[in-house]
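Pasting a structure below so you can have a look.
Nothing fancy with the numbering, it's 1 onward along the sequence. FYI, side chains are in, hydrogens and waters are out, and symmetry mates aren't considered; it's all heavy atoms of this structure.
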Amino acid sequence: MSCQELSSHTEKLRVTSHLQRQQDTLIKGVPIDDATQLKSARYVVQIWVDSDNLPVIPAPGQIWTVTGVCEVIQVDVGDFIRDIHQYSHPESLDFELPNDGEVFIQFIAKDPEFKGIGESKARELWHRFGINIHEMLQEQGAKYLSDLREVLSDKSIKALYAGYKKYQNLEHTIWMAKAGVPASIQRRVLKYHKAGTLEELKINPYELVNFGMSVLKVDQLVRTAGSPWTENYSDQRVIAAAVQGLRDCFSDGSTYTNSSKLNTKIFNILKNAETTKQAVDYLKANQNVAIYHESEDRYHPMATAIQELAVAKRFKHLASHSRQWNKQDEISLNSVLGKLSLSLTDRQIEAVRNLLVNQIGCLTGGAGTGKTFTCNTFLKTADLLGYEVHAVALSGRAAMRLHESIGYLTKTIARFLRDAPVECSQGGKRLLLIDEASMVDLPTMFKIINHISPEVKIVFTGDPNQLPPIGIGKILHDLVKCDQVVNTTLDIVKRQEGSSGIPEYTESIKNGLVPDELSTGNIYFHEMGSDQFENTVIELFGESPESTRVIASTRKTTRSINESIQRSFNAESPKMEFLLGTENYFLNLRLGDQVLFTQNNYQAGVQNGTLGKLIDVTQTQNHLGLVRTDTGDLVEVTEGLLDAIELGYAITLHKAQGSQFPRIIVVLEDNRITDRSWLYTAITRAELEVHIIGSAATLKKVTIAPAKAFKRKTLLTELIEFSA
């Protein structure tokens, strides 16, 4: 293979295939001339581009024009030498709507957006209507419906309209792309403003702040040479700073803030006291944006205030409907207890009783305290009493583990919310169990209460000392503090042997006390700086590869560790290579690698967080490889899973929550993610043995400082106790 780099180069291509990998997309195609005819059969074109910068998803038959530095790669493919013109993150990449007949036909026939319309029907459309087809599809109404029905069924017409509608947005996306607006922001703006997008943005570029951009980024767009914006937008900029400042106040997960913090956030944007006051006055005067309670000096985003109050009212309603323990309860519980292989403690029996007689309740406790065993007893008793059980967890892996533990059908919360709402007629009995509830945020809880009848019993299980939600609020933490909601905490560890040292160690960290001995029992502390940990991780991992999982705080760290482990222990195994269409591809995955699935795919049988081992990399008619999950299931790796699978020797803690591993290596880094709850949760993922790699100073720092979750300002507890 030889390479030669050309200076900035422009050429047109017809797409033959594409592959998306994480944040990048590889587009493959053949070169064409201005008449869209094949320009040369001597080379093909490959383009690596940031997926976020694509106006539309690439598909076979599309026409694109690329400009940038071109690297000519010569590859020996056996009988001949093939040239590849490769562009990596080019200067520009433009999509063209097809105006040529054959291009239009291939565009419609091959693009998956136009489902069910094959080449013959696409050819007939062009033959009948020619270039006028664009006007007909832009109309999207009844005007041309009868004409289209002469060629297509109503179902195919609907698919044609739906597919074309996406491409109608090209005028907007191309304009925004040239203005420098990221594609992720483009999609949000288009979803909200639709056909009025360009008009809105031309009038006010700071409208982009409402969709996630910062004022500073919009400033840069407006001031860029050749920018489409030329007016003075000072008033709009002040309002945008108010919106961003309010949003920035809640980056810590709080649901309200005070004047001091808000003023500081806005001043940091505007750098001017007068305009900062104007921005604050705007928020005070616009209750559709924020609610200001002057007596308490509190600002609430309007949407957050509505959600928090609604959740509080539902919880208060449920808390007011407790009942007395009765004879049937006693008979049912005794029936379940009589069939158990182990006996419950008095505290666990108290927990079951509390959950049965209250319409809302919490079961909390650390790892190994018997929450699952107690919960299983409760659910079996509730089943005997006639309750229909719904069990959910936030992550796919946690839902899977919950199902394995309790035996009932479980779902992720996202899947639960997609299903039909849970109704509860007069006298009906329904209960919703939410596991790993410490990770459930306020917006998610708001969706849940709007998806179930007000009479559905809600039970929360989890450990409030574990990781807090990623989003705003701290539902479980607030409920545990609330006098009106019954919480039973289990505190006797049953899972681990006392000699492991893990229960005592985690109990100390939970209470903010640095353990007397950093290495004790089956916990081993390895003192070293952050620039030294990788070699130690490799060495420790090699002692017991099959039983070990590495846990770190960031994806950057896990990615680096994964690559190092693969390089150290599995560099010679066959790579995952496959043919899609006529193109060859490969992934940086090798036979025998530990892998992680990062998306839910119920049809394939995997969920976000599913772990497994790549046991076959041979492409067949049905799959590109095979993974054996850690639950023993066999998963076929298909094209649809390619962007949802990665190395899994090391994972972030959010992927590990809800799971246990025999042996873990904790990479303790000093960053904004690592705090007391992170360290506590990480160590409790281990069943038998823990290795902590980091500095004693960092361990002391994160242990002594209160967990960030408890610093969040929320009103849920107060609202439950005082709401009408």
Side-chain angles (χ1 to χ4, degrees), residues 315 317-393 398-399 401-410 422 424 427-438 440 452 455-466 475-477 479-495 503 658:
F315 289 174
H317 165 75
L318 292 171
S320 66
H321 283 72
S322 61
R323 61 177 179 80
Q324 295 296 314
W325 183 259
N326 60 40
K327 185 177 180 180
Q328 188 58 48
D329 294 325
E330 190 71 30
I331 293 171
S332 300
L333 177 57
N334 286 335
S335 174
V336 173
L337 293 175
K339 298 175 184 177
L340 297 178
S341 57
L342 299 173
S343 60
L344 271 68
T345 65
D346 291 344
R347 186 67 168 166
Q348 290 172 326
I349 292 176
E350 177 191 348
V352 174
R353 288 172 175 266
N354 286 338
L355 295 177
L356 286 171
V357 299
N358 289 282
Q359 280 295 93
I360 181 171
C362 302
L363 175 64
T364 60
T369 56
K371 292 194 303 294
T372 300
F373 185 48
T374 305
C375 186
N376 205 353
T377 304
F378 157 68
L379 291 177
K380 288 178 179 176
T381 308
D383 200 353
L384 287 180
L385 291 169
Y387 280 92
E388 179 182 284
V389 175
H390 299 265
V392 299
R401 293 302 185 196
L402 178 62
H403 169 68
E404 293 169 356
S405 301
I406 66 175
Y408 288 86
L409 175 65
T410 62
V422 177
C424 191
K429 291 184 175 182
R430 308 282 188 275
L431 79 83
L432 175 66
L433 173 74
I434 303 176
D435 193 36
E436 297 289 347
S438 66
V440 176
I452 62 177
E455 308 311 318
V456 173
K457 177 198 285 283
I458 306 178
V459 172
F460 298 86
T461 66
D463 184 351
N465 294 292
Q466 289 192 10
I475 301 297
L476 183 63
H477 306 72
L479 286 175
V480 168
K481 293 189 303 179
C482 182
D483 292 336
Q484 294 195 28
V485 176
V486 175
N487 168 55
T488 309
T489 300
L490 306 179
D491 54 11
I492 299 176
V493 176
K494 285 182 168 291
R495 180 181 301 160

> In Å, rounded to the nearest 0.5 Å, how long is the span from OG1 of Thr374 to CD of Gln348?
Replying inline: 3.5 Å
>> Nearest 0.5 Å, please: how far is NE2 in His390 from CD1 in Ile458?
In response: 12.0 Å
>> Could you walk me through whether Leu356 and Trp325 satisfy the side chain to side chain contact (heavy atoms under 4.5 Å, CB included) test, starting with their C-alpha distance in whole Å, then the side-chain angles of each, then the deciding distance to 0.1 Å, before giving a yes or no?
In response: CA-CA 8 Å; Leu356 286 171; Trp325 183 259; 3.7 Å; yes
>> Do Leu363 and Leu490 have side chains that approach each other closer than 4.5 Å (heavy atoms only, starting at C-beta)?
In response: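 Yes; the side chains approach each other to less than 4.5 Å.
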> From Asn376 CG over to Thr381 OG1, what is the distance, rounded to the nearest 0.5 angstrom?
Replying inline: 9.5 Å
>> Using side-chain heavy atoms (C-beta onward) and a distance below 4.5 Å, is Leu379 in contact with Leu431?
In response: yes
> Just by distance, do the side chain of Ser335 and the backbone of Ile331 share a donor-acceptor pair under 3.5 Å?
Replying inline: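 Judged by distance alone, no pair lies under 3.5 Å.
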> Quick check: does any side chain N or O of Ser320 sit under 3.5 Å from a backbone N or O of His317, one acting as donor and the other as acceptor?
Replying inline: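 Yes, Ser320 side chain to His317 backbone: donor-acceptor pair under 3.5 Å.
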> Taking all atoms of both residues into account, what is the closest heavy-atom pair of Ala351 and Thr488, and its distance?
Replying inline: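 Shortest heavy-atom separation between Ala351 and Thr488 comes out as CB-CG2, 3.6 Å.
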> How far apart are the closest heavy atoms of Leu342 and Phe373, and which atoms are they?
Replying inline: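 Minimum heavy-atom separation between Leu342 and Phe373: O-CZ, 3.6 Å.
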> Yes or no on side chain to side chain contact (heavy atoms under 4.5 Å, CB included) for Val352 and Leu333, after CA distance, side-chain angles and deciding distance?
Replying inline: CA-CA 9 Å; Val352 174; Leu333 177 57; 3.8 Å; yes
>> Measuring only between side-chain heavy atoms, which start at C-beta, is Ile434 closer than 4.5 Å to Ile475?
In response: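 Ile434 vs Ile475: side chains apart.
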>> Counting C-beta onward and ignoring hydrogens, is there a side-chain heavy-atom pair between Leu479 and Asn487 closer than 4.5 Å?
In response: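 Of all side-chain heavy-atom pairs linking Asn487 with Leu479, none is under 4.5 Å.
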>> Testing the basics here: between Val485 and Cys362, what is the closest heavy-atom pair and its distance to 0.1 Å?
In response: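 So the two residues come closest at CG1-SG, 4.2 Å.
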> What's the spacing between Tyr408 OH and Lys380 NZ if we round to 0.5 Å?
Replying inline: 7.0 Å
> Step by step, would you call Ile360 with Phe460 a side chain to side chain contact (heavy atoms under 4.5 Å, CB included)?
Replying inline: CA-CA 8 Å; Ile360 181 171; Phe460 298 86; 4.0 Å; yes
> What is the minimum heavy-atom distance between Asn358 and Lys457, and which atoms define it?
Replying inline: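 So the two residues come closest at O-NZ, 2.6 Å.
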> For Phe378, which residues count as a ring-ring contact (aromatic ring centres under 6.0 Å, His included) partner, sequence neighbours excluded?
Replying inline: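 Phe378 satisfies ring-ring contact (aromatic ring centres under 6.0 Å, His included) with no other residue.
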>> Let me confirm one number: the CD-CZ distance from Gln359 to Arg323, rounded to the nearest 0.5 Å.
In response: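 Going from CD on Gln359 over to CZ on Arg323, the span is 8.5 Å.
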>> As an exercise, state the distance from CD1 of Ile349 to OG of Ser343, rounded to the nearest 0.5 Å.
In response: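 That separation rounds to 8.0 Å.
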> Is any side-chain N of the basic residue among Glu330 and Arg353 closer than 4.0 Å to the acidic one's carboxylate O?
Replying inline: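 Result for this pair is yes, salt bridge flagged.
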>> Restricting to non-hydrogen atoms, name the atom on Cys424 and the atom on Glu455 that form the minimum distance, rounded to 0.1 Å.
In response: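 So the minimum-distance heavy-atom pair works out to SG-CB, 4.1 Å.
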> Do Thr369 and Asp491 come close enough that some side-chain heavy atom pair is under 4.5 Å?
Replying inline: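 Side chain of Thr369 against side chain of Asp491, heavy atoms only: no contact under 4.5 Å found.
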> Taking side chain as C-beta onward, heavy atoms only, is Thr377 less than 4.5 Å from Leu344?
Replying inline: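 A side-chain contact exists here, since the closest heavy-atom pair is under 4.5 Å.
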> So, for Leu476 and Ala437, which heavy atoms are closest and what is the spacing to 0.1 Å?
Replying inline: CB-O, 3.8 Å
>> Quick check: do Leu433 and Ile406 have side-chain heavy atoms less than 4.5 Å from each other?
In response: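 They are in side-chain contact.
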>> More than 12 heavy atoms of other residues, nucleotides or ligands under 6.0 Å from CG of Asn334: yes or no?
In response: yes
> Taking the side chain from Lys429 and the backbone from Gly386, do they hold a donor-acceptor pair closer than 3.5 Å?
Replying inline: no
> Does any non-hydrogen side-chain atom of Asp463 lie less than 4.5 Å from one of Ser438?
Replying inline: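 They are not in contact (no side-chain heavy atoms under 4.5 Å apart), so the answer is no.
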